[in-house]
**Q** 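Following this message is one structure expressed as structure tokens.
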Amino acid sequence: MEIGKDNLLKIVRFTSVGAFLTDGEHEVLLPKKYTTREMQPEDEVEVFVYLDHEERPVATTLEPKIYRDEFALLKVNYINEFGAFLDMGLEKDLFVPFKEQARKMKVNKRYLIYMYLDPKSNRLVGSSKLNQFLNLTEPDVEVGQEVDLIVSHITEMGINVIINEKFKGLMYKNQVFEDLRTGDRIIGYIKEIRKDGKIDVSRTPINFTQKAGKLSQIILEILDENDGYLGLHDKSHPEEIKDILGMSKKAFKQTIGTLYKEKKIKITDKGIFKVKN
């Protein structure tokens, strides 16, 4: 029976306080409010197991906002002399001691947290000091590979991400054309693995870079043919974009975003204007 994770357990018996479940070796209580009339002895149920306020294992059918050995963006409910307590979607909050806070936490603020099982106390604990839970030296990813990303924090240099919940990565701001916030989960692609182990990530497939150059040229040529004006913008209908340019709206938005960053065009609600040199 794993604390902090979902477990498939068998119902042993019902009592006045709820149903007792077992993994064949240990038992845990599923409180009565989480049982249903359809449940019967010997049925198997999937439950999340954690520790209650008295540090006893207890089961719930509620879905938590974070699982053990994973990351999630959580809000601080209250703070006492020992640390912060964050909303993890259950009756009990997740404890983040002061020593595990990357910066001093504040009530009602949200922080990206990693939850782990403390080997000394056998309690679920959270930490915002994330580097200690990441592999910083041996990435098992390849250039061009599609990966899952979690936005960890944003700096002047770029958007720091966690790759596959294992590694640190970076997306440069001038290559991102969308509003991203800490805790966002997105798809990305490995752009470069540096000799020092640092990883650069892109929101678009690597082969899109070559394609983007061709799409940029198409838009610039049409602008030249029409006195520097194109009556399309990021709110234009996808079919209209496809009919005029022969590209998807997603590719169009990415391309004009690049041209805008390069200061080659201006984008207005009336359309696109080429910037005169």
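Along the sequence shown, residues carry numbers from 1.
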**Q** Is Leu232 reachable from Leu220 through a run of hydrophobic residues whose side-chain heavy atoms are each under 4.5 Å from the next?
**A**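 Same cluster.
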**Q** Quick check: does any side chain N or O of Asn80 sit under 3.5 Å from a backbone N or O of Gly83, one acting as donor and the other as acceptor?
**A**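 Looks like yes, one N/O pair under 3.5 Å.
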**Q** Going from NZ on Lys173 to OG1 on Thr155, what distance comes out if it is rounded to the nearest 0.5 angstrom?
**A**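 Interatomic distance, Lys173 NZ to Thr155 OG1, rounded to 0.5 Å: 6.5 Å.
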**Q** Are Asp200 and Arg194 side-chain neighbours, meaning at least one heavy-atom pair lies under 4.5 Å?
**A**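 Yes - at least one pair of side-chain heavy atoms lies under 4.5 Å apart.
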**Q** Identify the residue among Val151, Leu149, Leu112 that makes a side-chain contact (heavy atoms from CB on, under 4.5 Å) with Ile162.
**A**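 For Ile162, the side-chain contact (heavy atoms from CB on, under 4.5 Å) check succeeds only for Leu112.
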**Q** I'd like to know whether Glu91 forms a side chain to side chain contact (heavy atoms under 4.5 Å, CB included) with Val58, so could you lay out the CA-CA distance, the side-chain angles of the two residues, the decisive distance to 0.1 Å, and finally the verdict.
**A** CA-CA 11 Å; Glu91 293 181 17; Val58 65; over 6 Å; no
**Q** For residues Leu124 and Leu94, report the shortest heavy-atom separation together with the two atoms involved.
**A**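 In this case the closest contact between Leu124 and Leu94 is O-CD1, 3.8 Å.
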**Q** Indicate the atoms forming the closest heavy-atom contact of Arg203 with Met171, along with that distance.
**A**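 Looking at all heavy atoms of both residues, the shortest contact is CG-SD, 3.7 Å.
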**Q** Using the side-chain contact (heavy atoms from CB on, under 4.5 Å) criterion, which residues pair with Glu63? Sequence neighbours excluded.
**A**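 For Glu63, the residues satisfying side-chain contact (heavy atoms from CB on, under 4.5 Å) (neighbours in sequence not counted) are Tyr67.
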**Q** What distance do Lys65 atom NZ and Met115 atom CE have between them, rounded to the nearest 0.5 Å?
**A**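 These two atoms lie 13.0 Å from each other.
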**Q** For a quick test of reading the model, state the closest non-hydrogen atom pair linking Ile244 to Ile222 and the distance between them.
**A**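 Distance-wise, the nearest heavy atoms are O-CD1, 4.3 Å.
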**Q** Applying side chain to side chain contact (heavy atoms under 4.5 Å, CB included), run through Val107 and Asn77 and close with a yes or a no.
**A** CA-CA 6 Å; Val107 174; Asn77 277 342; over 6 Å; no
**Q** Without swapping roles, check the side chain of Ser152 against the backbone of Asn160 for a donor-acceptor pair under 3.5 Å.
**A**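 Present.
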**Q** For the pair Lys249 and Glu240, find out whether any cationic side-chain nitrogen is under 4.0 Å from an anionic carboxylate oxygen.
**A**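 Salt bridge absent between Lys249 and Glu240.
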**Q** Does His153 NE2 have over 12 foreign heavy atoms under 6.0 Å away?
**A**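 Atom NE2 in His153 is packed in, count exceeds 12.
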**Q** When rounded to the nearest 0.5 angstrom, what distance separates CG in Asp6 from CZ in Phe48?
**A**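 Result: 7.0 Å between the selected atoms.
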**Q** Identify, with sequence neighbours excluded, every residue that meets ring-ring contact (aromatic ring centres under 6.0 Å, His included) alongside Phe95.
**A**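 Phe95 satisfies ring-ring contact (aromatic ring centres under 6.0 Å, His included) with Phe85 only.
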**Q** On a heavy-atom basis, which atom in Val47 and which in Leu30 lie closest, and how many Å separate them?
**A**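 The pair with the smallest heavy-atom distance is CG1-CD1, 4.2 Å.
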**Q** If I take atom NZ from residue Lys10 and atom CG from residue Asp43, how far apart are they, to the nearest 0.5 angstrom?
**A**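 Rounded to the nearest 0.5 Å, the NZ-CG separation comes out at 10.0 Å.
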**Q** Checking the side chain of Asn131 only, and the main-chain atoms of Lys129 only, is there a donor and an acceptor separated by less than 3.5 Å?
**A**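 The answer is no, because no donor-acceptor pair under 3.5 Å joins these two groups.
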**Q** Counting only heavy atoms not in Tyr260 (residues, nucleotides, ligands), do more than 12 fall under 6.0 Å from its OH?
**A**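 Check fails, neighbour count at 12 or below.
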**Q** Can you hop from Tyr172 to Ile186 via hydrophobic side chains spaced under 4.5 Å?
**A**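 In one cluster: no.
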**Q** Check residues 11-19 and write down every donor-acceptor pair under 3.5 Å in which the side-chain atom is one partner and the other belongs to a residue at least two apart or another chain.
**A**
{"residue": "Arg13", "atom": "NH1", "partner": "Glu27", "partner atom": "OE1", "Å": "3.1"}
{"residue": "Arg13", "atom": "NH1", "partner": "Glu27", "partner atom": "OE2", "Å": "3.2"}
{"residue": "Arg13", "atom": "NH2", "partner": "Glu27", "partner atom": "OE1", "Å": "3.2"}
{"residue": "Thr15", "atom": "OG1", "partner": "Val17", "partner atom": "N", "Å": "3.3"}
{"residue": "Thr15", "atom": "OG1", "partner": "Gly18", "partner atom": "O", "Å": "3.3"}

**Q** Do Asp52 side-chain atoms and Arg56 backbone N/O form a donor-acceptor pair below 3.5 Å?
**A**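 Here the side-chain-to-backbone pair exists.
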**Q** Could you check Thr268 against His233 for side chain to side chain contact (heavy atoms under 4.5 Å, CB included), going step by step and ending with a plain yes or no?
**A** CA-CA 7 Å; Thr268 73; His233 46 75; over 6 Å; no
**Q** If the threshold is 4.0 Å, N to carboxylate O, is there a salt bridge linking Lys235 and Asp269?
**A**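 Asp269 and Lys235: not salt-bridged.
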**Q** Is it the case that atom CD in Glu156 sees more than 12 heavy atoms from other parts of the structure closer than 6.0 Å?
**A**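 No, not enclosed.
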**Q** For the pair Lys264 (side chain) and Ile256 (backbone), establish whether a donor and an acceptor sit closer than 3.5 Å, ignoring hydrogens and angles.
**A**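 Not at all, since once roles are kept as given, no pair shorter than 3.5 Å links the two residues.
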**Q** Please check if Leu170 and Ile199 belong to a single hydrophobic cluster, counting links between Ile, Leu, Val, Met, Phe, Trp and Tyr side chain heavy atoms closer than 4.5 Å.
**A**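 Leu170 does not cluster with Ile199.
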**Q** Judged by atom type as modelled, is there a donor-acceptor pair below 3.5 Å linking the side chain of Asn7 to the main-chain atoms of Glu2?
**A**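 Answer holds: yes.
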**Q** What is the minimum heavy-atom distance between Ser248 and Ile241, and which atoms define it?
**A**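 What the structure gives for the nearest pair is O-CG2, 4.2 Å.
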**Q** With side chains defined as the heavy atoms from C-beta onward, is the minimum distance between Phe167 and Asp140 less than 4.5 Å?
**A**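 A side-chain contact under 4.5 Å exists here.
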**Q** For the pair Arg185 and Asp148, evaluate salt bridge (Lys or Arg N to Asp or Glu O under 4.0 Å) and give the outcome as yes or no after the intermediate values.
**A** CA-CA 7 Å; Arg185 292 177 179 266; Asp148 295 319; over 6 Å; no
**Q** Same cluster or not: are Phe71 and Leu74 linked, directly or through other Ile, Leu, Val, Met, Phe, Trp or Tyr residues, by side-chain heavy atoms under 4.5 angstrom apart?
**A**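 In one cluster: no.
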**Q** List the steps and the verdict of side chain to side chain contact (heavy atoms under 4.5 Å, CB included) for Glu178 and Val176.
**A** CA-CA 6 Å; Glu178 59 192 309; Val176 178; 3.9 Å; yes
**Q** Same hydrophobic cluster for Val96 and Tyr114, using side-chain heavy-atom links shorter than 4.5 Å among ILVMFWY?
**A**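 No, because Val96 and Tyr114 fall into different hydrophobic clusters, even though each may have its own neighbours under 4.5 Å.
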**Q** Just verifying a value: how many Å separate Ile154 CD1 and Asp184 CG, rounded to the nearest 0.5 Å?
**A**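 Here the rounded value is 8.0 Å.
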**Q** Taking atom NZ of Lys92 as the centre, does the number of heavy atoms from other residues, nucleotides or ligands within less than 6.0 Å exceed 12?
**A**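 Check passes, neighbour count above 12.
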**Q** Going from CG on Leu8 to CE on Met1, what distance comes out if it is rounded to the nearest 0.5 angstrom?
**A**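 The CE atom of Met1 is 11.0 Å from CG of Leu8, to the nearest 0.5 Å.
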**Q** Let me know which of Asp93, Ile66, Ile113 forms a side-chain contact (heavy atoms from CB on, under 4.5 Å) with Leu86.
**A**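 Among the candidates, only Ile113 passes.
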**Q** Output yes when a side-chain donor or acceptor of Arg123 lies under 3.5 Å from a complementary backbone atom of Glu55, and no otherwise.
**A**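 Flag not set: sc Arg123 to bb Glu55 has no pair under 3.5 Å.
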**Q** Spell out, as yes or no, whether a donor-acceptor pair under 3.5 Å connects the side chain of Asp87 to the backbone of Gly89.
**A**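 Yes: the side chain of Asp87 pairs with the backbone of Gly89.
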**Q** Hey, is the main chain of Glu142 close enough, under 3.5 Å, to the side chain of Gln145 for a donor-acceptor pair?
**A**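 Yes; judged by distance alone, with no hydrogens or angles, the pair exists.
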**Q** Which heavy atom in Tyr116 sits nearest to a heavy atom in Ser127, and how many Å separate them?
**A**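 What the structure gives for the nearest pair is CE2-CB, 4.1 Å.
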**Q** Given the rule in the salt bridge (Lys or Arg N to Asp or Glu O under 4.0 Å) test, do Glu70 and Lys5 qualify, once you have shown the distances and angles that lead to the verdict?
**A** CA-CA 10 Å; Glu70 294 185 7; Lys5 295 188 176 184; over 6 Å; no
**Q** Does some side-chain heavy atom of Ile219 sit less than 4.5 Å from a side-chain heavy atom of Phe252?
**A**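 Sidechains of Ile219 and Phe252: in contact.
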